[in-house]
2 protein chains.
Amino acid sequence: MEDQFIKAATLIGDATRAAIMWTLLDGRAFTATELSIAVNTSPQNMSMHLGKLLEANLLCVEKQGRHKYYRFSNKEVAYVVEAMANLIPKPEISSKSKIENYPPIKYCRTCYDHLAGKIGVALADSLLEQKIIIEKSNTFEISTEGEKWFSDFGINIEDAKKQKRIFLKPCLDWSERRYHIAGSIGTFLLNKMLEQDWIRRTANSRAIIITGKGEKELLKNFNVVV
Amino acid sequence: MEDQFIKAATLIGDATRAAIMWTLLDGRAFTATELSIAVNTSPQNMSMHLGKLLEANLLCVEKQGRHKYYRFSNKEVAYVVEAMANLIPKPEISSKSKIENYPPIKYCRTCYDHLAGKIGVALADSLLEQKIIIEKSNTFEISTEGEKWFSDFGINIEDAKKQKRIFLKPCLDWSERRYHIAGSIGTFLLNKMLEQDWIRRTANSRAIIITGKGEKELLKNFNVVV
DNA sequence: TCAATACTTCATTCTATATTTAACTATGGT
DNA sequence: ACCATAGTTAAATATAGAATGAAGTATTGA
């Protein structure tokens, strides 16, 4: 019991392995070489560390030819890493859009059931910018114009409100250190975008692929450059 | 960003410090000496480790005479430790009461908004035993007799169901490795017991004090020996 | 078939940091 | 005033386990 806990803690608590976990947090799968570059260590050392994480079932691999793709083996692992990320002092919530200062958006991912990552954050910024949602003492609310916008987008706000869970709340994105949209409305947004084939889920990770159509629509609707 | 994450990870990821965190998970505050005994190391070494955890703001202290009481400095820290505990393979949910095999119940604590720890688990066992709640494919449900019981206890089930959150679910207690009652009904139960002065919250931790009245009532209603 | 790439294995070296030894301060009880 | 208890600090030592170096296997592509 206790020793198993300590084992898990010491596994994650090595600088190199912690960096691996941090890298994998965005939900994509990485190859061993990619990871060794990202984490700035030798391939041999990476191999050693990945072996340990693998054996402890914190990571899993998928072999594709001569490549091996590593990712978190289950959501519990992601929870740990996110909980640790959450220990870092939070930045202030900012309703001012900073999309224009962004480097090209590289990836996005789901935060379990809503859109996170760079896209998720940029989308939240845009909705705030357009006053579709408004910030009110650290919570989000839908404006009157916003209600129209959501219904035009094909989302029934009343349905989302009926769900047995929180309707709308800001969710901090650990890698971006910025807020995105969670709650049932977040799920509805994600599902709508999947439905319209703007984005697609990947087989075994939390990463999201943006389709050609999605790229155009994201730019048009949210001024997000993919 | 990344380096801060690594710092937090390596701080928790030392065997001795991980054991400290594990010990503190029950919500009580411990003195440095108690911790050094619990973790099986020297007082000097404990002092060194506590210093590091303190400086990183993972723990905080309260001085009382010549004693220093250490505890998690915020709930985010507890989340990390619990998330790590959650990596350990789960035991099967068991509806059979094991209260009689228990060592004397030493403490209890809140799991944020419901009752956890030994008491929380024993209480869940008793409710299952009395068929007030019944287990159904890894979820909990309230039986027809149970509905009566709750209303007799002064809890309005309809009110609990109306809450914008899950009504009733089993929540795994990390230190006990057993299930207790979460969801809005769990909160209602906790609040009722606070209201009736069976239990009291402590100032700065998740630990719960059981009053004399509570001791009697817990025995009478749930056959729980405090 | 050969060379390049992706990754692994193992024996060796190295180093960060945990622990120990020893000497110290502060508080409380009698 | 005394001694025991609680906790700290600093220098010396020990050691786990991370990184390195050298040599391997497996897969792809040309």
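All values below were derived from every heavy atom in this structure, side-chain atoms included, with hydrogens, water molecules and symmetry-related copies excluded. Order of the sequence lines fixes the chain letters, A, B, ..., with proteins taken first and strands second; residue numbering starts at 1 for each chain.
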Which pairs, protein N/O on one side and nucleotides 8-10 of chain C N/O on the other, fall under 3.5 Å?
unit_1, atom_1, unit_2, atom_2, d
C:dT8, OP1, A:Y70, OH, 3.3
C:dT8, OP2, A:S47, OG, 2.7
C:dT8, O5', A:S47, OG, 3.2

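Phosphate proximity of D:dA6 to B:T31: absent, as no side-chain N or O sits under 4.0 Å from OP1 or OP2. For the pair A:H67 and D:dT28, the criterion of a side-chain N or O lying under 4.0 Å from OP1 or OP2 is not met. Remark: A:K52 is not in phosphate contact with D:dG17, judged by side-chain N or O atoms under 4.0 Å from OP1 or OP2.
Map A:R17 and A:R66 each onto its nearest nucleotide of DNA chain D; the residue landing nearer the 5' end is A:R17.
Of all heavy-atom pairs between B:L11 and B:A56, the closest is CD1-CB, 3.1 Å. Shortest non-hydrogen contact noted between B:S73 and B:C60 is CA-SG, 3.7 Å.
The interatomic distance linking A:E62 (CD) with C:dC7 (P) rounds to 14 Å, in whole Å. Separating the CG atom of A:L11 from the P atom of D:dG17 is a distance of 10 Å, rounded to the nearest angstrom. Put simply, CD on B:Q64 is 17 Å from C1' on C:dG29, counting in whole angstrom units. When rounded to the nearest whole Å, the span between CD of B:E34 and C1' of D:dT5 equals 13 Å. Here C:dC7 presents its P atom at 16 Å from NE2 of A:H49, a figure rounded to the nearest Å. Rounded to whole Å, the distance from CG on B:N40 to C1' on C:dT19 is 13 Å. Residue A:F30 contributes atom CZ, which lies 16 Å from atom P of C:dA6 at whole-angstrom precision. The distance from atom OH of A:Y69 to atom P of D:dT27 is 16 Å, rounded to the nearest whole Å.
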(message) side chain to side chain contact (heavy atoms under 4.5 Å, CB included) for B:L87 and A:F5? Distances and angles first, verdict last.
(response) CA-CA 8 Å; B:L87 291 176; A:F5 174 83; over 6 Å; no

(request) Please test B:F30 against B:I20 for side chain to side chain contact (heavy atoms under 4.5 Å, CB included), starting from the C-alpha separation and ending with a verdict. (result) CA-CA 10 Å; B:F30 285 78; B:I20 294 170; over 6 Å; no

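Under a cut-off of 6.0 angstrom, the local environment of CD in B:Q64 is crowded, with over 12 non-hydrogen atoms contributed by other residues, nucleotides or ligands.
With A:F72 as the partner, the side-chain contact (heavy atoms from CB on, under 4.5 Å) test is satisfied by one option alone out of A:L53, A:V81, A:L58: A:V81.
In the set D:dA26, C:dT20, D:dA19, C:dT20 carries the atom at the smallest distance from any side-chain atom of B:S42. Taking the side chain of A:T16 as heavy atoms from C-beta on, and the options D:dT27, C:dA18, D:dA18, the nearest nucleotide is D:dA18.
The stretch residues 184-196 of chain B participates, sequence neighbours left out, in these salt bridge (charged side-chain N to carboxylate O under 4.0 Å, His left out) pairs: B:K192-B:E195.
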